[in-house]
Amino acid sequence: MVKIRYAENSDKDFWFSLDRHLPESEFEKKVRDRQGYVLLVDGAPAAILRFNLFWDNTPFCTMLFVSPGAQRHGLGRMIMEHWEADMKKQGFGMVMTSTQVDENAQHFYRKIGYKDSGGFTVNVPGYEQPMELIMTKAL
């Protein structure tokens, strides 16, 4: 059985086993502000999704991660659809996400209805990365 709920403080160890980019203080904010979800399969955590508000008014998925052993079973699609439905219920008409152009996630996002909407490169010494592809979806 699959269940998706907002992240809780008790999810901290699982969360950080997947998400190595989020500072601990920001995890506490995600829990407080309900900007993170945990997907459970038969009661065991299997995926996370976190977001913020781009331009302070548009939901932007900043991290989607499915545990390696749980990938390729539709769980990423389930948690994304749950997030999108929650955002629509809250009155938002569009959502956004991004991925580096050298990552395969762009193909997943396109399959679930996201459209390429531009990108940017970071060439600041010490922060260089491949182009970041911005993707949007109407709700």
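The distance from atom CG of L18 to atom CG of D13, rounded to the nearest 0.5 Å, is 11.5 Å. Remark: L22 CG to E28 CD distance equals 10.0 Å, nearest 0.5 Å.
Heavy-atom minimum distance, F65 versus P68: CE2-CD, 4.2 Å. Closest heavy-atom contact between T136 and S117: OG1-OG, 2.7 Å. When all heavy atoms of I79 and I48 are compared, the closest pair comes out as CD1-C, 3.9 Å. Annotation for P59 and M94: closest pair CD-O, 3.4 Å, computed over non-hydrogen atoms. Minimum interatomic distance between V101 and P130 (heavy atoms only, all atoms of both residues): CG2-CB, 4.3 Å. When all heavy atoms of G118 and L133 are compared, the closest pair comes out as O-CD1, 3.4 Å.
Judged as a side chain to side chain contact (heavy atoms under 4.5 Å, CB included), and not counting sequence neighbours, the contacts of V41 are V2, L39, A46, L75. With sequence neighbours left out, the side-chain hydrogen bond (donor to acceptor under 3.5 Å, both in side chains) criterion links K29 to E26. Take F27 and apply the ring pair (Phe, Tyr, Trp, His ring centres under 6.0 Å) test, not counting sequence neighbours, and it matches W15, F16. In this structure F92 satisfies the ring pair (Phe, Tyr, Trp, His ring centres under 6.0 Å) test with no other residue, sequence neighbours excluded. Partners of K3 by side-chain hydrogen bond (donor to acceptor under 3.5 Å, both in side chains), not counting sequence neighbours: none found.
Legend: salt bridge (Lys or Arg N to Asp or Glu O under 4.0 Å) pairs involving residues 59-71, not counting sequence neighbours: none detected. Applying the side-chain hydrogen bond (donor to acceptor under 3.5 Å, both in side chains) test to every pair with at least one member in residues 56-67, sequence neighbours left out, gives these pairs: R50-T62. Sorted pairs that involve residues 88-109 and meet salt bridge (Lys or Arg N to Asp or Glu O under 4.0 Å), not counting sequence neighbours, are lacking altogether. Within the structure, every pair that satisfies the ring-ring contact (aromatic ring centres under 6.0 Å, His included) test and touches residues 108-131, not counting sequence neighbours, is listed here: Y109-Y114. Pairs of residues two or more places apart, or lying in two chains, that qualify as salt bridge (Lys or Arg N to Asp or Glu O under 4.0 Å) and include a residue from residues 115-139 are E84-K137, R110-D116. Pairs passing the salt bridge (Lys or Arg N to Asp or Glu O under 4.0 Å) check and including a residue from residues 69-81, sequence neighbours excluded, read R77-E81.
Proximity of a side-chain donor or acceptor of Q71 to a complementary backbone N or O of V66 within less than 3.5 Å is detected.
Taking 4.0 Å as the cut-off between side-chain N and carboxylate O, R5 and D11 count as a salt-bridged pair.
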